[in-house]
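Note on naming: letters A, B, ... go to the chains in the order of the sequence lines (proteins, then strands), and numbering restarts at 1 for each one.
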Amino acid sequence: MWNAVITLFREYMGTGLIVIWFFVSVVYLLVTEKRKHIIILFLYVPIIFLLLFFNPLFARILYAVVGDEIYYRILWLLPITVVIAFAATSLYERLSDREKKWKSVVLAVCLAGLIMVSGSYIYNNPYFKKAENLYHVPQRVVDICDAIEVEGREVMALFPREFLQYVRQYSPVVCMPYGREAVVSKWGASHELYEIMESEQTDAALLAAMAKNARCHYVVLPEYKELNGSLEDYEYVIFGRMHGYVIYRDISEEEWNFR
Amino acid sequence: MIFAGVIMLCIWLLLVPVFVGGVFTGVDKLGKNLLFRWISGQICLWAGFQLICVPLVLLEKDYTLVRQLFLVYTVGMVLISLFIFLKKRRNTSLYVLRSFEQGQKREMITWGIFAALLIFQLIQAVRMTYADGDDAYYVAISTITENANTMYRKLPYTGGATQLDARHGLAPFPIWIAFLSSMSGIPAVSTAHIAVSMMLIAMTYGIFYLLGAKLFPKRREYIPVFLIFTELLVLFGDYSFYTAENFMIARSRQGKAALGNIIIPVLFLLLLILLEKLKDQRKVAWSYWILLAAAMLSGCLCSTLGALLTCMLVGITGLCSAFVYRRFQVLLLMAVCCAPCGFFAALYLVLG
């Protein structure tokens with residue numbers, strides 16, 4: 001348990017520098033801050049939280065109750081941002097009171113630089129990208145969902161992996177035989193149809209049979225997808241092509257009348 | 001159509017909370033501050049939403065009923081606020097920031113830098129998108145609720161019908177987003193990704209401003225410097241995936257982001273107000289305890305872990321303050337504030 005908590009704390013710290021500045025700020029404020037109520041809330045209370053976080057018994061109980069994935073959120077109770085900003089501003093305030101005020105400006109710039117070097121710029125995160133529309137989902141999801149929606153009813157569609165996260169955010173009437181749960185391996189929710197869809201070479205007969213079994217009205221495949229055979233041999237027609245994907249539509253009546 | 005929707009969102013996310021926040025003007029000297037009114041009003045609305053929504057989710061009622069009852073609640077709170085305003089109108093005034101009449105050039109520059117960085121973050125909330133897998137659950141719940149009128153009875157990932165997901169239903173933040181979408185006519189996916197993100201970012205800095213006002217009560221010219229440092233710490237807070245700052249910018253439409261960046265900082269603000277009053281041996285207004293309980297309940301709305309985190313923060317601070325200031329009666333009032341969270345935590349253990 002101790003090792004798990006330490007590992008979690010290391011992961012939370014990242015490079016560790018910002019958390020180090022937090023501890024430095026705590027020490028600085030312990031020395032310089034005179035107001036007791038501020039010392040209690042921003043210095044004593046966080047220290048108690050840290051002691052609790054590293055307490056194996058406390059960790060064991062919480063792991064059992066809330067699970068190991070979210071135990072790190074106890075660390076959100078450390079007011080890291082407020083304490084560092086408060087300490088930095090207090091330091092700036094001290095220098096501002098003296099005659100050569102330019103020194104305080106230099107200090108503020110240095111402290112700002114230190115924060116920037118110690119942290120990591122959030123918009124450099126690889127998961128950030130420019131939004132393609134005001135829905136904040138890829139435009140291909142919007143266009144394909146709009147194309148296959150049928151007024152007054154839900155439709156079932158089979159999508160490649162890169163769509164799964166977005167389809168149901170955008171359209172409540174486009175259903176899928178599997179969703180994100182098939183992608184996250186640690187959840188252990190394997191889905192045979194997903195494995196077939198994502199395999200390098202897919203057998204068209206098997207895919208068609210499985211898709212019909214899952215009552216899919218549409219199958220969306222990348223244009224480059226290698227198929228052994230053609231879905232058009234199994235009552236599917238090409239409904240459209242967009243954004244590098246082919247949309248197949250099931251033309252067998254039973255799929256459209258099952259409810 | 002979009003313009004009307006944006007106006008409605010502004011009304012529901014800005015105007016209504018500011019009105020409702022009038023109930024809490026007696027909490028502290030900061031109570032008349034527009035930012036304090038906005039934040040406390042939103043906290044009050046969230047707490048009401050939690051109390052209305054969770055029982056109806058568990059009873060498997062339709063979303064329409066939640067919407068209607070929450071509308072009634074909101075109108076009621078606005079009327080109470082209006083009543084308080086009329087009763088105390090001689091003393092009621094609003095101020096946001098003091099004027100720069102006596103201010104210095106340097107102060108104006110620092111406010112300018114802060115404003116520029118804030119506007120940059122708000123623009124980025126519209127311009128940039130963060131691909132987070134959890135949106136497939138939370139945002140889809142909002143979209144389904146608004147469309148199908150059901151709450152937690154459809155599988156968000158696939159759309160199939162399912163048994164009630166009571167565990168997630170105990171923290172119905174996505175239903176609140178669905179409510180905003182219903183009121184504005186703007187799709188839930190846009191409401192979540194853009195409107196709620198912008199609101200959360202602005203509100204977080206509003207809380208930091210109020211904390212700054214408490215930390216630098218006599219030297220208010222240092223508040224913008226404090227805010228600039230907080231902005232830098234947020235903007236460069238991506239040193240790990242787990243930080244609250246990462247959640248604030250990247251995953252702001254999820255309830256857990258609101259828990260880490262609004263509810264917990266608001267609790268720090270409220271506890272700072274309490275400790276200050278205990279230190280000065282001043283009376284704590286009844287409205288303070290209501291707001292504290294509302295903030296804790298809002299934590300439950302945001303995340304099922306909210307009950308635990310808010311109770312830990314309030315409980316440990318309460319114990320420290322009771323021992324330091326020898327005011328043990330506050331522990332009783334704090335325990336009362338924690339009670340609703342305890343109830344939701346018990347429900348989580350039973351249903352989860």
For each of B/Tyr242, B/Phe229, B/Phe268, tally heavy-atom pairs with chain A at distances under 4.5 Å, and name the one with the top tally.
-> B/Tyr242

One option among B/Pro156, B/Gly237, B/Gly212, B/Ser303 has the most heavy-atom pairs under 4.5 Å with chain A, and it is B/Pro156

Among B/Ile264, B/Leu278, B/Ile186, residue most engaged with chain A (heavy-atom pairs, under 4.5 Å) = B/Ile264

Heavy-atom proximity to chain B below 4.5 Å, by part of A/Val65 | both

Tell me, side chain or backbone of A/Leu52 under 4.5 Å from chain B's heavy atoms, or both, or neither?
-> side chain

Answer yes or no on whether A/Arg140 is positioned over the face of A/Phe163, meaning its NZ or CZ is under 6.0 Å from the six-membered ring centre and within 45° of the axis.
-> yes

Is it true that A/Arg180 and B/Asp134 have a side-chain N and a carboxylate O under 4.0 angstrom from each other?
-> yes

Measure A/Pro138 against the heavy atoms of chain B and call it side chain, backbone, both or neither at under 4.5 Å.
-> neither

Using non-hydrogen atoms and a 4.5 Å limit, figure out which bit of A/Tyr135 sits close to chain B: side chain, backbone, both or neither.
-> both

Take the angle between the ring planes of B/Phe120 and A/Tyr123 and call it parallel below 30°, perpendicular above 60°, tilted in between.
-> perpendicular

Under 4.5 Å, counting heavy-atom pairs only, tell me which of A/Ile40, A/Leu41, A/Val45 racks up the most with chain B.
-> A/Leu41

Under 4.5 Å to a heavy atom of chain B? For A/Ile18 that would be side chain

Okay, A/Val183 and chain B: the region with an atom under 4.5 Å from a heavy atom over there is neither

Would you call the rings of B/Tyr130 and A/Phe128 parallel, tilted or perpendicular if under 30° counts as parallel and over 60° as perpendicular?
-> perpendicular

Measure distances from B/Phe247 to the heavy atoms of chain A and classify the residue's part below 4.5 Å as side chain, backbone, both or neither.
-> side chain

So what's closer than 4.5 Å to chain B heavy atoms on A/Leu62: side chain, backbone, both or neither?
-> side chain

Which portion of B/Glu146 sits near chain A, non-hydrogen atoms under 4.5 angstrom = neither

Can you label the angle between the B/Phe216 ring and the A/Phe86 ring as parallel, tilted or perpendicular, going by 30° and 60°?
-> perpendicular

Can you tell which part of A/Ile48 gets under 4.5 Å to a heavy atom of chain B, answering side chain, backbone, both or neither?
-> side chain

Within the 6.0 Å centroid threshold, strictly below: B/Phe114 and B/Phe208 = no

Donor-acceptor list for residues 316-327 of chain B side chains, cut-off 3.5 Å, not counting sequence neighbours:
unit_1: B/Thr317; atom_1: OG1; unit_2: B/Leu313; atom_2: O; d: 2.6
unit_1: B/Ser321; atom_1: OG; unit_2: B/Thr317; atom_2: O; d: 3.0
unit_1: B/Ser321; atom_1: OG; unit_2: B/Gly318; atom_2: O; d: 2.9
unit_1: B/Tyr325; atom_1: OH; unit_2: A/His37; atom_2: N; d: 3.4

Select one option (side chain, backbone, both, neither) describing which atoms of B/Leu305 are under 4.5 Å from chain A's heavy atoms.
-> side chain

If you tally heavy-atom pairs under 4.5 Å between each of A/Glu132, A/Lys36, A/Met176 and chain B, the highest tally belongs to A/Met176

